[in-house]
Each structure stands twice: as C-alpha cells, then as structure tokens.
2 protein chains.
Amino acid sequence: MPRSTSTSSPKAGPVTLAMVARRAGVSPQTVSNALNSPDLLRPETLERVRRTVDEMGYRPHRAAQALRTRSSKLIGYGIRPTPHGTTTPVMDRFLHALSQAADEAGYRILLFASPPGSAGLEGHEELLDLHHVDGFVLSGTERSDPRQGWLAKRGVPFVGFGRMWSGRQIGDWADVDGASGTDAAVEHLIALGHRRIGFLGWPHGSGVGDDRADGWRRAMRRHGLPVRGRSARSADDLDAARAAVGPLLDAGATAVVAASDVLALGCYHALRERGARPGADVAVVGFDDSPTAALLSPSLTTLAQPLEAVGRECVRLLLARMGRPTAPPERVLLEPSLVVRDSTTLVPAPDD
Amino acid sequence: MPRSTSTSSPKAGPVTLAMVARRAGVSPQTVSNALNSPDLLRPETLERVRRTVDEMGYRPHRAAQALRTRSSKLIGYGIRPTPHGTTTPVMDRFLHALSQAADEAGYRILLFASPPGSAGLEGHEELLDLHHVDGFVLSGTERSDPRQGWLAKRGVPFVGFGRMWSGRQIGDWADVDGASGTDAAVEHLIALGHRRIGFLGWPHGSGVGDDRADGWRRAMRRHGLPVRGRSARSADDLDAARAAVGPLLDAGATAVVAASDVLALGCYHALRERGARPGADVAVVGFDDSPTAALLSPSLTTLAQPLEAVGRECVRLLLARMGRPTAPPERVLLEPSLVVRDSTTLVPAPDD
DNA sequence: CTCAGGCATTGGAGCGTTCCAAGAACCTTA
DNA sequence: TAAGGTTCTTGGAACGCTCCAATGCCTGAG
C-alpha cells in the first residue's frame, strides 16, 4: 500500500503544484489540468503526472484555490438556539446528514453558531466574513427571520431547513411534511380501530405546530370523525402537557396524537394519574423520534423525520441555486415515517 | 445605524483592501496595518482609515489572508460515529460550546464527519485536504486511534476531547473526570443514609466505563463499605442493563450508581419488575444528564458533563499548542456536576 | 547646518493556484 | 516539402492579502 510516502527532503514543507510539475517534467499548468480537466491531457502524460502526484502526496492548497477561483467549497451552517433553550435533539442528526451530503459533493460544513443570547445574527456578528462561504444552510427558519433577507440582499445563495410560516417566503427550502405525518398517525390509529382520537399540540401561531394539527384534522374529517373538542394545546413542557391533555382523556379519547415526544410523554403522565396505562388503555403517538422515545415504557410510537434526506436535499438545492442564481425558488417537502412501537400496539383497539 | 452601506458603483463586486486604500488616500499596506497592527499608525490616520473601512463595508478576503499568512483561522472537528451507531446526545451540546469558544478566539469550526461505515479516517478520506485547517479537535478518542498518530506525524496541532485509555498517550486533551463524578454520586447517597450502594457499569476494557467504576469503588472504600459483589456490567442497552442489575437488587442494594443514563433506566425497569419503585424504594443515579433524564419519572439524578467548559478548554489547549508546538503535552480534567432529581430524593433513606 | 535616530508610511514581492492566450508538437492534406 | 488544422503544453499574469526592507519625515544632538 503506497500510502503517501513523503519522499525527498525531510524538511519538506507542503508539496506545491510547482514541485510536482518540476518532478514530472511538465509545466505547473499541466499538473493543474491533470487534476481539473484530465481530458485535456494525453493519456500518457496524464498517467505520469498522476503518478507523481501520488508519489509526492501532493494536495492542492485550498486557500490558493479559493483565492483564484473565488469559491471556497465551504457551506455555512447557521444554528439558531431554539427559543426554549433546548437544543433540539433533531439538529444533531441533521448536521451529520448535512455534512455527509456536503462531503459527497466536495463541500465542507462551516459552523456559525449564534451565541445563546443574541436574537438575530444580522448584528455584524457572524455573517461579516461570510463571503468566504459559497452558500448557507439555515435551520430553525420557522418564522421569517432577518437572516434570509440579509443573505438575499447580499447575493449569498442559501437554503433553509424549514419553511417560513409567517412573512413572505424567500428562497429555497426543504422541510418535513408535518401534516402528512400526523395524518399517517391517524390512519394508523383508525386501522387499529380507534375513533375517538385527540390531538395535543402547541399553542396556535407556531407554524410547525399548526401544520401538525392540520394533518390530524384533515385525516379525521376524511373519515367523518369529529374534531371539535378533541384537541388541546400546551407549551412543550411535561407538566403543561399533562394538565392540558386531561380534558381530552376525561372526554373519553382512546388515542392521542401529540405534536412532539415531550407532549406525548406528558400524556403518559396524565394517563397514569388517572390509573390508565398508556399503550394499553389509550394509544399515544409522538413526533420526532427523539432518543427518549425508544426508551420509554411503553416505547413510544412516533414520527421520524427523514433527516438524512433533508440534509441531502438541502445540499442539492443549494448547489442548484449556486448554479443558476436567478432560477425560481424550489421547495421540497419530505414525508416523515411512522415508527410503530408499543404505545399504540400493546393492546387490540378498544371498540369504542 | 450606518449598516455597511454599499456605496459607490452598483456593480461593485467585493470591496478590496486596495480600494479602501485608494479612497482613504493611503497605501494598501497602511490599511492592512490599521486592521492588524493599529498601534503602528498615527491616531489620526488610523481614524481616517477605519472610517473608510466602515463606509465601504470592507471585509478582508479570508482566502487571501490564509494564503499569505498560512493560517486559515479554521479548526477542524472530527466526529467519529460511536460504534453502537448511537450519536451521543452529548456531542450536540459540546459542538455548540466548541463553536462558541472558537468564535471568541476568532476561529471557526469546520466539520469532518466520517461516514458511518468507515472505521478510521486515515484512509485518504477526510484528512487529505487537512492542511487548510490550523488545528484539529478530536472527539471519541477513548482508545488510541490512528488519527492521533496521523496528525502528530504531519505536525497538525490537535487536541482530544477524551483521554486515550489504551496505548501511549499522545498530545493534549481535555476530559471529564468520570471517577470524580461517581465518587460524588456515592457521597450523595451516603449522605442520604445509603450503605448498600451498587454499581452498574459497562464491560471491562472501556476506559470511560472503568474510570466511572473506579470512582464508585474508591468512595465506597473510603467509607469502609464493601464493593465485592456489589457491581455488575452490561452493554449500554436497556434490556441488557435490566437483566444485569437484577442480582444487585436481589442482594439488597438500596441504591445503584450507573455508568450511563440508559443503564440507569434499565435499573428502573428491573426495579418495577420486582414491584419496587425507583427513587422511592431504591435510589438510582445515572451519568451524562441526557435529555431523557429529566423526562423520566421519577426524574433521574445524574452527572452532568461540563461540556461548555470542555469546549473552552479544547480551544484553549489547541491555541496554546499552536503557539508553542514543542511544549510538553497538557491535560485537563474537569469535574462533572451532580444534578439531583427525584430518583434519589423521593424518599428518606432507608435505614438499611 | 549637518547628521544620527526614531517614527509613520510605502513599494515590491510572493503565498499557490487557475485563467488566458499564445506556443510547440503532431498529424493530415495538397 | 510546405501549408493547414488539431491537439497538447506552456509562460505570464492575476486573485487579495501580508511580509520585508526601504523610504521619507521629523526631532534633537553635535
């Protein structure tokens, strides 16, 4: 295995293109061509140059490339701390997926984490030296935030993970179809024989939450089931959820679809308070497939976001945007997948 | 608010240092000095140049700086997928902290996520174009892995989050003192009146796991309490943990210190299997303060890793290493902090 | 008045790469 | 053999910045 054997002088310093050229007996430009436009060279020359490159363990200097080509092969990723201060467990996996997808396209991810305090980041902080990034991926773009406008104005290509729910839509995005997810959850529950299916969501006004509520509502209506008085709202907090879901349970719901795993867990608590067993007496479905979901008992049926796919789409959209800056915006919706666990299947459906 | 008003020609393109110089009536070098060595300029000139810089919204071109100074102000972060495929919930927060700390030092984090398949990453994959990074932070460096040697050989400064437990130690690292954590857990339990305190850990050979076991053992010994037959080992898996901790409980343990939150949860399950209530009948302490810990019922007392501090230390160590490459390695141990929740305080200590 | 010496500023070069246009080699065709 | 068209290769310049050495200016001493 000819692992880049650093030959020649011991005090080498980095190998430059010029050194390779000298050693291979060609001009620097030819070496550059060998790497970037191989079809310009005669096969014979190409082979020789390539061998020399390998022998010397040559790697192009990215800064020099970036300076010359005006492209850094870097994608910025702007993390925004969630308002609640909770780092979404989702972002970890997404970041992995994003990095992966970027890698495959020859790009690398550069982190722009906004300090927890600062609300927006247009305040001179991070984006200042932004022009050494080829594009930008934004996450947590639920509501129209200053960043989009800022980037658009400066002509920096960007793509969002997440729609903007309020304000005018700008730019491309990829998002998870929350409505489709809760819709599928309802279908699942109906197939199990449930009819009195409640929904536990976040307060009105959060785009993501409203979307998830919509899916539940439309599925219920499609099956001719009533929705009035079957939904409750609560902050994404255990105790608040426990309290909020109470009336639904007391009204005889046999299943609850929740807008998050935390809400679902709040539902567990409310059930136990009433001497009922989640999964056995009342089915519960969460959303996000957080690590906790699989650990609960009963394990929680939940909707998993296709983060790998979202990551790939973000990169694809971004590259496309960089290719043709003036093309009309493209938006992609991806389907979450229902992960069926014990919280909906412990027991045959009650017959209402 | 004079937000960088892009003045002058509409089809400007990026503002360069030369343009600023021309407009301010000084040489390019003087502008450079104004930014990098302000004390070289006469206050009057400095003021004038600075104003021009602001007016024109000038930002230095990082690639050009990097090319000239041979320093990219970039820190690579190598994520290694954990063997179990589970992304440690810890890494998310750590990455935030790291990015934060790097930012404050004028550096930015560049992600190097190894594809899930590849075992090591010395295989030409990521580190190839590594020389456009000033330094490297490695995580998941439990056992001596090829990356350290690889980096050391190439003279790339690096720092690890985590000791290397096997093999010869290379380089600087910052780590969390697991032993101190479990020691503190035992102290906490003893203060509550417990005496029969068991330990549930991972199989021997994992450095991190053995470290956590050591802390429990030394605290027990310090208090003259027996350790033989009081510990069990299991994979970091719910069912395995539940089974493994059984004998400890059956032998009359009134408290269990676990090497992870998942193991602790396994303990919950084992207790319920026996009709006992975690927290009330037997105290349980976990490790890591994963998001799940606060959600469990009873909520789990656990050891929180000081990830923000670790992130800061990693950056500090790395910068120091870059400053004086031949200095002796520096190692930093940070104390985890005990987060007391219901699983140890639901009920007064039993009197053995 | 000249000259040393400190301070503020400048010119020129070069970091490593790729673009551009021009050059050398090669093969066809007259 | 010379002219013409490819195909392959080359030299020079430029990207935007900072290093280095040298310049001009001013002050104070000889």
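Values reported hereafter were calculated over all heavy atoms of this structure, with side chains retained and with hydrogens, waters and symmetry mates removed. Just so we're clear, the structure is a prediction, and the values are computed from it rather than from any experiment. The sequence lines fix the lettering, A, B, ..., with proteins before strands; numbering per chain opens at 1.
The interatomic distance linking A/Gln29 (CD) with D/dA14 (C1') rounds to 13 Å, in whole Å. Nucleotide C/dA8 holds its C1' atom 8 Å from the CG atom of B/Leu40, rounded to whole Å. For A/Lys73 and C/dT18, the NZ to P distance is 11 Å, given to the nearest whole Å. D/dT18 atom P lies 9 Å from atom CG of B/Asn33, rounded to whole Å. Taking atom NE2 on A/His132 and atom C1' on D/dC17, their separation rounds to 15 Å, with Å as the unit. In this entry the distance linking CD of B/Gln65 with C1' of D/dC15 reads 14 Å, nearest Å.
Judged by the 6.0 Å distance and 45° axis criteria, A/Arg321 is not positioned over the aromatic ring of A/Phe158.
Without hydrogens or angle criteria, B/Ser72 side chain to B/His132 main chain gives a donor-acceptor distance under 3.5 Å.
Counting any heavy atom pair closer than 4.0 Å across all strands shown, A/Thr16 reaches sugar-phosphate atoms only and no base atom. In this structure, B/Thr69 reaches the sugar-phosphate backbone alone: every heavy-atom distance under 4.0 Å involves primed, P, OP1 or OP2 atoms, never a base.
Under 3.5 Å, the side chain of B/Arg68 and the base of C/dG14 form at least one donor-acceptor pair of N or O atoms.
Distance CD1/B/Ile109 to CG/B/Leu95: 7.0 Å, rounded to 0.5 Å.
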